[in-house]
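Before any comments, here is the structure.
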Amino acid sequence: MTTSHEQALPGVIGSSAAIREVARTTRQVAPARAAVLIVGETGSGKELIARAIHDLSPRQSGPYIRVNCGALTESLLESELFGHVKGSFTGALDNRTGRFEAAHTGSIFLDEINSTSPKLQVKLLRVLQEGEFERVGDTRTNKVDTRLIAATNRDLLDEIDSGRFREDLYYRLNVVPIYLPPLRERREDIPILVEFFLKRYSDQNRRDVRRVSAEAMRRLREHDWPGNVRELQNYVERGVVLGEGPELTVEHLPPQLRGEAPPRPIRARTSDPAALTAELVRQGLRAAGPQANNLYDRIVGQVERELIEQVLASCERVQIKAAARLGINRNTLHKKLAEFRIDENGQSLPPIGDLPDEM
Ligand SMILES: Nc1ncnc2c1ncn2[C@@H]1O[C@H](COP(=O)(O)OP(=O)(O)OP(=O)(O)O)[C@@H](O)[C@H]1O
Ligand SMILES: [Mg+2]
């Protein structure tokens, strides 16, 4: 016998046991007042579930306010959430209402709650427990009636261990956790998700791609999906846009799925060394794909190459200057350039194996 709690959620595609469990919990918690914590990797559908909770709750006619806590600095986030009074900090030119006040009688969705500071977490705990807070720079206490829905893509227990997340707030939030499993753990949902997105993007692009070849589907089912449903959605959209006939085939899939992941050129948008390295490592990991081995050499090699290229460029390609700036011996630089097959002008040379005289 199916109960009303077992119905699928509108807009949430999937029939795996895992997704049915998510739907059941979502329907159970939606009518209540308690905070909800949604846990899942990037692209797994946390925002979709947050919205469903609001829409299925008695607060559905009230406001639904979303704040991405990861997108703002600590002080901006505090004033965004709680508001401020005129003159409370440089730039506070007027009184301002915060998002909690805006969410009165409705729900507030705090995305990436793991990136809030411990100071802000104290304030969140109080608003959660007492419904009370003060605007930044104000002494008057405000009352608000809103339902808190939070999401995290990190394991909060790890964050507690490393001192970045308050345990008391965690227990308040974790009353009813909803765990969204990564797509690779519910591969049986892939075909219906593909079908759903095929229809959506065919309609949007005035195409009529109706099926997926057996080989393309096999690749889609076997992929590891580090970007989860969002990644799948992007690939299907790409396939629909690139495809001509009624069938999506392997040729319309991106290189990672065709088994020919070429090492992507790495480009960074920052010159801060720590940020640059982190960005290069991230891009390198993404480019290498989940199955790659000898990651250490591959990524350190890529980071090293980018560093040398940037410093050479900043020294007008004068090697002796670049070596001094890098703090390495000129011969070492010379050897590295040969190893990376970079010529004097910074052009890439063909790999050694392609040169007939070296065979
Ligand atoms: N089960 C699903 N059915 C249909 N669409 C889905 C499903 N899960 C995710 N999507 C779609 O995939 C995209 C990513 O989902 P969503 O934004 O909810 O992920 P998220 O977990 O919030 O990701 P992030 O952590 O990166 O913010 C959205 O366009 C969403 O509509
Ligand atoms: Mg999200």
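When a ligand or atom number is given, it counts from 1 through the structure's own listing order.
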Can we say [X] and [Y] salt-bridge, meaning some charged N sits less than 4.0 Å from an Asp/Glu carboxylate O?
X      : Y      : value
Arg66  : Asp111 : yes
Arg20  : Asp189 : no
Lys336 : Glu304 : yes

Taking only heavy atoms of Val12, which atoms of ligand 1 are found under 4.0 Å from at least one of them?
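Those of ligand 1 that fall under 4.0 Å from Val12 are 1 (N), 3 (N).
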Is ligand 1 less than 4.0 angstrom away from at least one heavy atom of [X]?
X     : answer
Gly40 : no
Glu41 : yes
Gly11 : yes
Gly43 : yes

Can you tell me the protein heavy atom closest to [atom] and the distance?
atom                    : answer
atom 31 (O) of ligand 1 : Leu48 CD1, 3.7 Å
atom 25 (O) of ligand 1 : Lys46 NZ, 2.6 Å
atom 3 (N) of ligand 1  : Ile13 N, 2.9 Å
atom 26 (O) of ligand 1 : Thr42 OG1, 2.6 Å
atom 10 (N) of ligand 1 : Val229 CG1, 3.4 Å
atom 22 (O) of ligand 1 : Glu47 N, 3.2 Å
atom 12 (O) of ligand 1 : Gln233 OE1, 3.3 Å
atom 27 (O) of ligand 1 : Arg230 NH2, 3.8 Å

Got a sec: does the CZ of Arg325 have more than 12 other heavy atoms crowding it under 6.0 Å?
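No - once you tally the heavy atoms of other residues, nucleotides and ligands closer than 6.0 Å, there are 12 at most.
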Distance-only polar pair, side chains of [X] and [Y], donor-acceptor under 3.5 Å:
X      : Y      : value
Arg154 : Thr152 : no
His84  : Glu78  : no
Asn205 : Tyr201 : no

Below 3.5 Å, N or O to N or O, backbone or side chain included: is there any such pair between [X] and ligand 1?
X      : result
Phe197 : no
Arg186 : no
Gly45  : yes

Is the positively charged end of Arg51 above the ring of Tyr64, judged by distance under 6.0 angstrom from the centroid and angle within 45° of the axis?
yes
Cation-pi check, Lys123 onto Phe133 ring (under 6.0 Å, within 45° of axis):
no
So among Arg206, Lys199, Arg200, which one has a salt bridge (charged side-chain N to carboxylate O under 4.0 Å, His left out) with Asp203?
Lys199
Spell out, as yes or no, whether a donor-acceptor pair under 3.5 Å connects the side chain of Arg59 to the backbone of Gly106.
yes
Backbone, side chain, both or neither: what part of Leu193 comes under 4.0 angstrom of ligand 1, heavy atoms only?
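The answer is the side chain of Leu193.
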